[in-house]
Structures are given as structure tokens and as C-alpha cells.
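Note sheet for the following structure.
Worth knowing before you read on, the calculation uses all heavy atoms, side chains too, and leaves out hydrogens, waters and symmetry mates.
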Amino acid sequence: MRTLTPVVLLLLSGVSAFGKYYEAQDYDVKLHLDSRGVLTVTETVKFRFVAGPFSYLFREIAATETDGVENVQAWMDGLPCASGTGAGEVEIQGSSPVMVRWHFAEILSGTHTFTAQYRAAGTLRPTANAQTLVWRVLPQKRSYGVGASAVDLEYPPGVVPRVVALRSGAPDFEIGRGRAHAVMVNPPLAEDVIVEAQFPAGSFTGPPPAWQAALVRKKIDFQRGLRDGAAEAAIFLLLACLWMFRIRAAAKSGAMGLGPDIRIVSPPSSLPPATVGWLIGGAGLSLGTLLELA
């Protein structure tokens, strides 16, 4: 299944050199659902850089399977970042995906903590008896290791989830009043870390996702197009068969109209046979005559 997740790409300055290395020592994700089901995501990542130089960090936040990502904010080392390209500033561009680029003073080795926060509507998928959140909490494709990742899911205190779990299995979430918590240590690079939380239907008051309704309409339109196309093809085939049967019947009737006493043993002239048939009144030969004249 396809789900919304931030895709983190590190495009760091300088040509890659021997020993150049970086890792996420901590990759913490907080998912907060308000009473309407709008999701606020806060990601805080502590990166260690070795054998640089390094001068910027680049991140993509995909907006697929949401009704849009908005109110994107960024911090570095706990300080809010102003818009710009100077050290300590951030560039935020686009809507799907949202491009976030932090700039910092060039370093050879060291650590920086980067935080991104944004809102995503339309993340709860309704079914007959449940509302389900599906969210990828770690980048699907990353080239760096993660030492530890704490995942917190917050929801209104009066809401009791049926289940909160990672699709990949362990670790289990500790589920409490208004909060579910789990910690992963050294998650494998190839592991697709997706949180799935299921709540009883009606737990959140927001409307169903517009993107999901659009997919349903697209599927219905596709199926309707298939049915209409099949019906039109069947009608066309039926008309073609009727036309062929009519032509054959007319040709047979015309041949019988020559009479039993007429015997043709040699061509009466150099005219083409279809033209001769038309001249002597044979029915159903007009198409052949036109082809010959053409």
C-alpha cells in the first residue's frame, strides 16, 4: 500500500571523499491527531557528520495520500530558522513534494539537530467500523544508519485505539491514555517502518479524505468506461454481422435472379465480372464494382 511519508535525501556540499560519513544518531517522530483527525508531524533528527565538508541538509516531504501538507516550519539546533540561504536559514518550496533545505556554516565533523514540523489533512482512512492511520515514520530509502528512533502517537484522551503497531513487527507500542510510545534501536536500512493505528469509527469528526474519494470515483469511472466500451463494441459487432448477412443474402438472391435457363460459358466481353453482373441486374455487386472502378 501506498502511504504518505517524508522522504529524506541528504545532498551535502562538496565532492564525496574517502571517509566522508554521516548518520542519524536519533530520529524521533511525534504524530499528533487532533479531534478532527488532522495530523501534525514533528520530526527531530540528530545527525553526526564525519570527514566533510558539509554545509546543508536537504529533505523532501511527500504529500501523496493526504489532502495536502501545509504550515511547514523548521528549526536547527533548537532555534527557529528564518527563510533564506545563509547559515542558520532554511528554504521551503513546493507543495508535493515540499522541499526543505537547511543551510549551516561549513563543517568537517560535528553534529546538528534538525527539526521539521508540518500538518497533513486527510490521513485517516474510514472503513465501515473503523478509522485507520497509516504512516511511514522513517524514510523508505535512506543511505545512512539510524541509531535509535522514538515514535510517539498522540490522540485525544477520550479516544481509545483498538490497535497501534508497526507493520514490520517489533517493538510493541505501549498504549496509554492519549498516547502510544515505541522505541526502535538500529532499524535495518531495508526495513519499511510503517505505523498503523486503528480507532473505532466516529472517533474523529473530520470529513473523509478527499484523495481517497477521488480514487474511488476514478475506479468507478474506469469500470463504467469498460462497461460502456464493451456494450458499444457488442452493438458494433452485431450491426457488422447483420450487414454481412444482408450482403450475402442479396448476392445469393441476385445470382438466382439470372434464371435457370441462362448459361454463361465464356466472358461476353472484356468488362470486369463485377461490372457485368451490375449491368445485367445482379444485386449486391455494387461494392465490388466501385472497388474495380477505383
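Between Y118 and W135, the two ring planes are tilted [angle within 30° to 60°]. Aromatic ring pairs are classed by plane angle as parallel below 30°, tilted from 30° to 60° and perpendicular above 60°; the pair F114 and F104 is tilted.
Between A120 and T66, the shortest heavy-atom distance links the atoms CB-CG2, 4.3 Å. A pairwise comparison of heavy atoms in A51 and S109 identifies N-OG, 3.1 Å as the closest pair. Closest approach of P126 to P208, counting heavy atoms only: CG-CB, 3.9 Å. Here the closest heavy-atom approach between residue S96 and residue A63 is recorded as OG-CB, 3.6 Å. Pairing each heavy atom of R59 with each of A116, the nearest pair is NH1-CB, 3.3 Å. A pairwise comparison of heavy atoms in V159 and S203 identifies CG2-O, 3.8 Å as the closest pair.
Counting heavy atoms from C-beta on, the side chains of P97 and I61 never come closer than 4.5 Å. No side-chain heavy atom of E70 sits under 4.5 Å from any side-chain heavy atom of S95. Within the 4.5 Å cutoff, the side chain of L133 has heavy atoms near those of the L153 side chain. Inter-residue side-chain proximity for R125 and T127 is flagged as unmet; no heavy-atom pair is nearer than 4.5 Å. With a 4.5 Å cut-off on side-chain heavy atoms, P171 and L166 count as touching.
For the atom pair NE2 (H181) and CD (E174), the distance works out to 6.0 Å, reported to the nearest 0.5 Å. The distance from atom OG of S143 to atom CD of E23, rounded to the nearest 0.5 Å, is 12.0 Å. Atom CD of residue E154 and atom CG of residue D34 lie 11.5 Å apart, to the nearest 0.5 angstrom. To the nearest 0.5 Å, atoms CZ (R167) and CD (E196) are separated by 4.5 Å. Rounding to the nearest 0.5 angstrom, the gap separating the CZ atom in R48 from the NE2 atom in H112 is 14.0 Å. Once rounded to the nearest 0.5 Å, the distance linking NE2 of H103 with CD of E89 reads 8.0 Å.
Tracing side-chain contacts under 4.5 Å through hydrophobic residues (I, L, V, M, F, W, Y), one never reaches V98 starting from W75; they form parts of separate clusters. Residues I107 and V90 share a single hydrophobic cluster, defined by chaining ILVMFWY side chains whose heavy atoms lie under 4.5 Å apart. In the hydrophobic clustering of this structure, M76 groups with I92; members are Ile, Leu, Val, Met, Phe, Trp, Tyr whose side-chain heavy atoms approach within less than 4.5 Å, directly or through other members. L31 and V160 sit in two unconnected hydrophobic clusters of ILVMFWY residues. Membership requires side-chain heavy atoms under 4.5 Å apart, directly or through other members. Using a 4.5 Å cut-off between side-chain heavy atoms of Ile, Leu, Val, Met, Phe, Trp and Tyr, with links allowed through other members, V38 and V134 fall into different hydrophobic clusters.
Test V137, V164, D28 against V151 for side-chain contact (heavy atoms from CB on, under 4.5 Å) and you get one pass: V137.
Around atom CD of Q25, more than 12 heavy atoms belonging to other residues, nucleotides or ligands sit under 6.0 Å away. Around the CG atom of D77, the shell of radius 6.0 Å holds more than 12 heavy atoms that belong to other residues, nucleotides or ligands.
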- Message: Applying ring pair (Phe, Tyr, Trp, His ring centres under 6.0 Å) to F47 and Y144, what does each step give before you reach the verdict?
- Response: CA-CA 10 Å; F47 274 103; Y144 54 87; 5.1 Å; yes

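A donor-acceptor pair is defined here as one N or O able to donate and one able to accept, closer than 3.5 Å; such a pair exists between the side chain of Y155 and the backbone of R179. Side-chain N or O atoms of D67 include one that pairs as donor or acceptor with a backbone N or O of A210 at under 3.5 Å. In this structure, K30 contributes its side chain and A150 its backbone to no donor-acceptor pair below 3.5 Å. S149 places no side-chain N or O within 3.5 Å of a backbone atom of M184 that could act as its donor or acceptor partner. Within the 3.5 Å criterion, the main-chain N or O of F204 finds a donor-acceptor partner in the side chain of Q131. With T113 contributing its side chain and V45 its backbone, the two residues share no donor-acceptor pair below 3.5 Å.
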